[in-house]
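Just the heavy atoms: all of them, side chains too, but no hydrogens, waters or symmetry mates, feed the values below.
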Amino acid sequence: MADEKELRYDPAVIEPKWQARWAAEPALYAAEPVTDKPKYYVLEMLPYPSGQLHMGHVRNYSIGDALARHMWMRGYNVLHPMGWDAFGLPAENAALKNNTPPREWTLANIAHMKRQMQRLGLGYDWATEVTTCLPDYYRWNQWFFLRMYEKGLVYRRKSKVNWCPECATVLANEQVIDGHCWRHEETLVEQRDLEQWFFRITAYADELLEGLDKLDGWPEKVRTMQRNWIGRSEGTEVDFTVEGTGEKIRVFTTRVDTIFGATSVQLAPEHAVTKAFAAADPSLKADVDAMIDEQKKAREAGDLGAIEKRGAATGRFAVNPYNGERVPIWVANYILSDYGTGAIMSVPGHDERDFEFATKYGLEIRRVIAPADADAEEPALPFVSEDGVLVNSGAYNGLTCAAAEQKLQQAAKAGGFGEATVTFRIKDWGVSRQRYWGTPIPMIHCERDGLVQVPDEQLPVVLPAQVEITQQGGSPLSRVPEFVNVTCPKCGGPARRETDTMDTFVDSSWYFYRYMDAKNASEPFSKAKARYWFPIDQYIGGVEHAILHLIYSRFWTRVMRDLGMIENSEPASRLFTQGMVIKDGAKMSKSKGNVVSPDDMVARYGADATRMYALFAAPPDRDLDWQEDGVAGVSRFLGRVWRLVAKYAARAREGRGQRTAQPAGLALKLLRKLHQTTAKITLDFEGRWHFNTCVAAIMELVNEIQGADAQLEAGEVAAEVLHELLRTLVLLLAPFAPFVAAELWEELGEEGAILRAAWPTSDAALAREDELEIPVQINGKLASVIRVATEAANGEIEAAALADEKVKARMEGKTLVKVIVVPKKTVNLVVK
RNA sequence: GCCCGGAUGGCGAAAUUGGCAGACGCAGCGGACUUAAAAUCCGCAGGCCGCAAGGCCGUGGGGGUUCAAGUCCCCCUCCGGGCACCA
């Protein structure tokens, strides 16, 4: 590299060179088998193979790769895998558009994106690659489905489901955002009644909620979102009896202590009792139909709250089981049939909404809760409080709300007209999809035997290759007779195969368990490996999966635990959600035309500069504003590193080995900066993750070394010092710019891969400054700066401050009132 | 409406515990090198006043606590995200 030409930093030369070397040496990035070594599992969310990496991916993977490389250098056994969330609708759309089979399209995209990742120098263990659309993976989806079916965690039922006309399939609740399809932001989701397969995620609702409290390595934001989504609500169900018919209306309430104040019962428009009443009353039916329509429209618009509250009296009455009182039954347009029991008791005295409704329709408003403090003035109604005592409530008068709730629940239970209960907002996970490109559901419909499981030995149920993809309703698989027509495994008679496929979120709910044992043909993964590798130490991805993928994964992990396959209850002990990549103030998107292609960046500035910029431009948890000039700046910086190392590499090599002499002068100054930088970066990797300032710190270090170039040229610094400086600099750079680090490592004459070199340690004694600059303030305003010994006593600092010329000048004619010395920080002179 | 973030130079940002606001980089300006340009290197650079020394102002706005506030407390504005008739 002595020759002039090679002094130029050219990523287009070195990056392909190392890319080829790494490809030829896959063991470099491979995890070791289960050992005594401490393990570190760092995982980035696997991408959907759309065909192109975008900057959000680059950012996500640059963070994960930096961490993985750092942990490798810290001596951990690191698992750092990558895979493909490869089922899903875009492949079918592409098939319609280009007449390419989904499988071909998907696999070609994967091949391309894998090359992009390799070009970026991301250190993945490709031997563990998982591709969810291949039978060796999705057979285990089927296997899990059957195990869950056996445990009653899978069931089939007809119900109201979300239907996206654009996708021509059903969506899970989690995939409906404000009434719109999560994939088609413009498309309103319709409600349809369909027979569907469900996973009983609600069986784990309580546990999923409680687990959040212990997930302190997860962002509070994500935990809050999940808590809201699960929406646990403790309350009481109580049966009111319809006068005349004796029919029961079960209401759900969180405030059974206010039940003596119930002055009406209100039904959802779609409640079964409503339907019965409406059938006998044409004018009521018209009202109810209008309300159903209203709710449907509001639901589709994603704003149920926008409906103006209204109701219709049914003319019927219901009896309160606690006091035998008869109250009118109403139908109201804000009561939802799918929450609680679809019926409520209305207590206008102690609930804002009920108060509003009762006022509108002239229903009775009654006080049944008084303030706990008997001397307090009677508050105006509605009085919404749980810190009161009951009044006008018969035998329960005088009890606190909490005590009354208990007694009332006991009475309901004893009287057989109700019980304490818990209601959740979360619903079971609808997993049926009427699409082709997904995991076939391994069930068979037999006329004689009903639902029959596909026997394990017949797995996988393979997706047929030749299928006509259309936009018409019904699964494309239902039009493949060879697929549909089977013999019943039980009776051997003719039977029909299930033609729905599974939601692709099934694939991503457990893929991270497969990596550690990706080739296992006899089980999803080995239990021993799971015990070693799980939970994931650090999971990294976008916050957009806070509810979808991350709640399904937590559910699935618990299911596997209860199947005896793993011992952990949570998939990941730490979660990091990186910010979005934006440009010109908006998230990058094709429609906004502000997309920056990673390929372009790599071609122009190299992978190192692109990745390092992604880490440098903002802290990883914040949004990042992409500015191409910034990438150019990072590229220039790498060029400076390159020239610096190249210039002194020969001399540094002469100084290989342990530095012995106690450094002084310039050597001390430079080594001090080096050890300070090492300490700072090491600390950041341990949790704070401000990689932007890590890069800045390396830049400062390089500035300092380069600033002494003339003295270095003059040989003022010993070869061993030069060696330590450059060698450590390259090590510090390695997690952020792996190509240039690898090249310079070799240039410095080091043997072996830099990834296997030990992360540098900081010598605290060397890093410590022996003199500090201390600002001197007068009345809190900066007056001067003094230099004192680091360990100077307060008295010395004070004396030095008072002796300072500038300070003296400012103190002229003033009286010193008080002196505050903060060691190593500041001196403040309070004067009058 | 409720819950989380956020607001700092022309721009991206930094300030780990309350202790020199603006590190690092971009853009800009000046200089060196060059026939010239690019590249590179050196330097300047929050605003206002000033030839300068220096002074005053300054972290969305208002108030407060403190010797000292970007940082803590109260109120408000704006931006981003999430939730929202949930009984």
**Prompt:** Between the base of B/rC67 and the side chain of A/Lys818, is there any donor-acceptor pair under 3.5 Å?
**Reply:** no

**Prompt:** Contact class for A/Asp623 (heavy atom, under 4.0 Å): base, sugar-phosphate, or nothing?
**Reply:** sugar-phosphate

**Syn/anti state for B/rG80 [syn: chi within 90° of 0]** = anti

**Message:** Below the 4.0 Å mark, does B/rG1 have OP1 or OP2 next to a side-chain nitrogen or oxygen of A/Arg353?
**Reply:** no

**Prompt:** Could you give the NZ-to-P distance, from A/Lys673 to B/rA23, as a whole number of Å?
**Reply:** 13 Å

**Asked** Which base, if any, makes a Watson-Crick or G-U wobble pair with B/rC24, both distances under 3.5 Å?
**Response** B/rG12

**Message:** Whether A/Arg810 contacts B/rG55 is assessed here as follows: a side-chain N or O lying under 4.0 Å from the phosphate OP1 or OP2. Is that the case?
**Reply:** yes

**Message:** Once you apply a heavy-atom cut-off of 4.0 Å, does A/Gln777 come out as touching a base, just sugar-phosphate, or nothing?
**Reply:** base

**Asked** Out of B/rC56, B/rA84, B/rA87, which nucleotide sits closest to the side chain of A/Tyr339?
**Response** B/rA87

**Message:** Should the side chain of A/Asn828 and the base of B/rC67 be counted as holding a donor-acceptor pair, with the cut-off at 3.5 Å?
**Reply:** yes

**Request:** Kindly give the heavy-atom pair with the smallest separation between A/Gly342 and A/Ile335, and that separation in Å.
**Result:** O-CG2, 3.5 Å

**Asked** How would you label the contact of A/Lys680 with the nucleic acid (heavy atoms, under 4.0 Å): base, sugar-phosphate, or nothing?
**Response** base

**Prompt:** What nucleic acid atoms does A/Leu624 come within less than 4.0 Å of, heavy atoms only: base, sugar-phosphate, or nothing?
**Reply:** nothing

**Prompt:** Out of B/rG19, B/rA87, B/rG82, which has the shortest distance to the side chain of A/Ile820?
**Reply:** B/rG19

**Request:** Identify which nucleotide among B/rC86, B/rA23, B/rC20 has an atom closest to any side-chain atom of A/Val785, counting heavy atoms from C-beta outward.
**Result:** B/rC20

**Request:** Decide yes or no on side chain to side chain donor-acceptor pair (under 3.5 Å) for A/Tyr613 and A/Asp629, but give the supporting numbers first.
**Result:** CA-CA 10 Å; A/Tyr613 175 74; A/Asp629 285 340; over 6 Å; no

**Message:** Tell me whether the side-chain N/O atoms of A/Thr693 come closer than 4.0 Å to OP1 or OP2 in B/rA23.
**Reply:** no

**Complete:** Looking only at B/rC85, B/rC3, B/rG54, the nucleotide nearest the A/Thr224 side chain is B/rC3

**Message:** So A/Gly231, base contact, sugar-phosphate only, or nothing? Heavy-atom distance under 4.0 Å.
**Reply:** nothing

**Message:** As a test of reading the structure: which of B/rC56, B/rC24, B/rC41 is closest to the side chain of A/Ala696, going by heavy atoms?
**Reply:** B/rC24

**Fill in**
Considering only heavy side-chain atoms of A/Asn692, the closest of B/rC86, B/rA14, B/rC56 is B/rA14

**Item:** Aromatic ring pairing A/Trp642/A/Tyr9, orientation class (parallel under 30°, perpendicular over 60°, tilted between)
**Value:** tilted

**Prompt:** Distance only, no hydrogens: is a donor on one side chain within 3.5 Å (strictly under) of an acceptor on the other, for A/Arg425 and A/Asn228?
**Reply:** no

**Asked** Within the structure shown, what part of the strands sits under 4.0 Å from A/Asp621 by heavy-atom distance: base, sugar-phosphate, or nothing?
**Response** nothing

**Message:** Mind checking if A/Pro619 touches a base, just sugar-phosphate, or nothing, with heavy atoms under 4.0 Å?
**Reply:** sugar-phosphate

**Fill in**
With the side chain defined as heavy atoms from C-beta on, A/Glu773 is closest, among B/rA23, B/rC20, B/rA14, to B/rC20

**Request:** Indicate, with a heavy-atom threshold strictly under 4.0 Å, whether A/Gln706 touches base, sugar-phosphate, or nothing.
**Result:** sugar-phosphate

**Message:** I need the single residue from A/Val827, A/Leu829, A/Val830 that forms a side chain to side chain contact (heavy atoms under 4.5 Å, CB included) with A/Ile820. Which is it?
**Reply:** A/Val830

**Message:** Quick check for you: among B/rC26, B/rG82, B/rG25, whose closest atom lies nearest to any side-chain atom of A/Asp629?
**Reply:** B/rC26

